[in-house]
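Since we're looking at a predicted model, the values are computed, not measured. Chain naming here is simple, since letters A, B, ... match the order of the sequence lines and numbering starts at 1 in each.
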2 protein chains.
Amino acid sequence: MKVVIVGSGNVATHLSLAIASLEGIEICQVYSPTEAHAEILAERLNCDFVTDPTQIRKEADVYLFALKDQALETVIRAVPANNGLWLHTSGSMPMQVFAGYTERYGVLYPLQTFSKSREISFRGIPLFIECHRKEDKNCLEDLALRLSGKVCELSSEKRRSLHLAAVFACNFTNHIYALAEEILAKEGLSRDYLFPLIDETAEKVHELPAREAQTGPAIRYDENIINKHLGMLADDPDVQTLYRLLSQSIHKKV
Amino acid sequence: MKVVIVGSGNVATHLSLAIASLEGIEICQVYSPTEAHAEILAERLNCDFVTDPTQIRKEADVYLFALKDQALETVIRAVPANNGLWLHTSGSMPMQVFAGYTERYGVLYPLQTFSKSREISFRGIPLFIECHRKEDKNCLEDLALRLSGKVCELSSEKRRSLHLAAVFACNFTNHIYALAEEILAKEGLSRDYLFPLIDETAEKVHELPAREAQTGPAIRYDENIINKHLGMLADDPDVQTLYRLLSQSIHKKV
């Protein structure tokens, strides 16, 4: 099976390396508008690359579009017509973004956060798939199951809710970590102190729904501590507002 | 060494059970204003209990006050004068809350989240200690080191910053998980899908500062996705506001 990788960012990199490790699959081309990025990924995958989407090969079996949402439709429009299965990897774009450009299309959405510098095994990553034509379902499912032990069919509409939940669980959580690190850095305290707390908070949620696992001053609405903390954050009104609204939200949702 | 446990909540329970497992230490009494709670903990520790702080024994070597901040000073005031070392476990109360009631006092603050239903090993929990008199430092440090491999001296002022950071890293993070679970529940999607993402986000921060680990639509300030998500949250204006402010905060702090 021949695969073309359309994109060279974090998702394209991690996913294409995982695919390249599968037997019987050949990645034959990488497309990226940024030559340096295209070249780096193509070298890792041992294939050629193009920076012009109209130069994308026509003979591949699968075209994997791992692009920023804003770029997706423009690039789809420029790819030469072909008979491969076109898949995107976005959480928030509907499958129908492909409609009118090809008849064979679907979605392969990995629910994970990818950073360039960090290796990650695909086996444990939930993959959410969606397919336009029945005839293509086997091919998509087979590819997904070879990558991950957790494959699930999901509509575009439910996928966008999943993506919204993921923004909370990952992006917002990580930012909350960043704010905590900032508070420690101001006092010259090591961010390492927080790791056992961060780990236990993440582990606890496997066992208990997060609402039941809640601890701290906000759930008791301990105004004494809350007001002291708001005072300590007076030099950063945005973070102060976040503290107040998060505390109120914890208290309301109990 | 004889220890009295003043309190019966999550911290009192987990800490007293860890102390009771140490050789040569006897927990001789539990105090709690709520008889049922006092009784349950006293039974687990195989000791007696009181619900009136004026009945707390005078012969112990260590008095461990693990109480809500609001209750701490009132209870301290009611405890009969004695010659033991008085310690509290609060992140946000200054050590000086003991001043005037005894000369032997200090702090033993475990940086962790405790839930009744979840066992936890104290060995990996960072313990932050502070001591009023030089002469008591060995006793406190010895006790702390027998409980945990990570013991650190810290002033009351730095401790309150650490506690503020912990509210972010744990309480706010957990609430963000709860909001993500709520979004999934509305669509009938399992919260289990999020675990690999939650785990990877927590693990990644061990390697990379959170600011560098940030991914998702907010860091790119992808207004198209952000606006779609805000629209999806229209039925919960509080959560919608949190989404907007967290996204702005991510974008600003880059």
Original post:
Is the backbone of B:Ala169 close enough, under 3.5 Å, to the side chain of B:Thr173 for a donor and an acceptor to pair up by distance?
Top reply: yes

Item checked: CD (A:Glu119) with more than 12 external heavy atoms under 6.0 Å -> no

Of the listed A:Ile219, A:Leu111, A:Asn224, the one with the largest count of heavy-atom pairs under 4.5 Å with chain B is A:Leu111

Listed by number, the residues in residues 146-154 of chain B that come under 4.5 Å of chain A (heavy atom to heavy atom) are B:Lys150, B:Cys152, B:Leu154

Would you indicate whether the side-chain heavy atoms of B:Phe122 and B:His14 approach each other to under 4.5 Å? yes

Would you please classify the geometry between the B:His229 ring and the B:Tyr243 ring as parallel, tilted or perpendicular, with 30° and 60° separating the classes?
-> perpendicular

One option among B:Lys68, B:Lys116, B:Gln248, B:His163 has the most heavy-atom pairs under 4.5 Å with chain A, and it is B:His163

If one checks every heavy atom of A:Ile250 against chain B at 4.5 Å, the contacting part turns out to be both

Note: vs chain B, highest number of non-hydrogen pairs under 4.5 angstrom among A:Ile176, A:Asn174, A:Leu233, A:Leu179 is A:Asn174

**Side chain B:Glu130, main chain B:Ser155, donor-acceptor under 3.5 Å** = no

**Prompt:** Does A:Arg44 CZ have over 12 foreign heavy atoms under 6.0 Å away?
**Reply:** no

Highest number of heavy-atom pairs under 4.5 Å with chain A among B:Leu245, B:Leu197, B:Thr241 belongs to B:Leu197

Chain A shares the most heavy-atom pairs under 4.5 Å, among B:Asp192, B:Ile125, B:Asp222, with B:Asp222

Ranking A:Arg211, A:Lys186, A:Lys228, A:Glu182 by heavy-atom pairs under 4.5 Å to chain B gives rank one to A:Glu182

Review point. Can you tell me if A:Ser115 uses its side chain to pair, donor with acceptor, with the backbone of A:Ser117 under 3.5 Å?
Key: no

The interface call for A:Gln214 against chain B, heavy-atom contacts under 4.5 Å, is both

Applying a strict 4.5 Å limit to non-hydrogen atoms, the region of B:Val205 in contact with chain A is both

**Prompt:** Any sub-3.5 Å donor-acceptor pair from B:Lys158's side-chain atoms to A:Glu187's backbone N or O?
**Reply:** yes

Looking only at B:Ala166, B:Ala178, B:Ala165, the option with the highest number of non-hydrogen pairs under 4.5 Å against chain A is B:Ala165

Honestly, the part of A:Arg220 sitting under 4.5 Å from a heavy atom of chain B is side chain

Max heavy-atom pairs within cutoff under 4.5 Å with chain B, candidates A:Pro126, A:Ser161, A:Gly216, goes to A:Ser161

When the 4.5 angstrom heavy-atom criterion is applied to B:Ser247 and chain A, the contacting part is both

When the 4.5 angstrom heavy-atom criterion is applied to B:Phe114 and chain A, the contacting part is backbone

The salt bridge (Lys or Arg N to Asp or Glu O under 4.0 Å) partners of B:Asp238 (sequence neighbours excluded) come to A:Lys252

Heavy-atom nearest pair, B:Leu67 first then B:Val6, reads CG-O, 3.6 Å

Q: Using only heavy-atom distances, determine whether the side chains of A:Ser92 and A:Asp69 contain a donor-acceptor pair under 3.5 Å.
A: yes

Where does the angle between the aromatic ring planes of B:Tyr109 and B:Phe128 fall among parallel (under 30°), tilted (30 to 60°) and perpendicular (over 60°)? tilted

Q: Could you tell me whether a side-chain N or O of A:Arg159 sits under 3.5 Å from a main-chain N or O of A:Ser90, the two making a donor and an acceptor?
A: yes

Using a 3.5 Å distance criterion without hydrogens, assess whether the side chain of B:His88 forms a donor-acceptor pair with backbone atoms of B:Met93. yes

Test side chain to side chain contact (heavy atoms under 4.5 Å, CB included), reference A:Thr13, set A:Asn10, A:Leu17, A:Val11, output is A:Leu17

Okay, B:Ile225 and chain A: the region with an atom under 4.5 Å from a heavy atom over there is side chain

Checked A:Arg160, A:Arg118, A:Glu200 vs chain B; the most non-hydrogen pairs under 4.5 Å come from A:Arg118

The interface call for B:Leu164 against chain A, heavy-atom contacts under 4.5 Å, is both

Checked A:Ala218, A:Ala213, A:Gly188, A:Gly124 vs chain B; the most non-hydrogen pairs under 4.5 Å come from A:Ala213

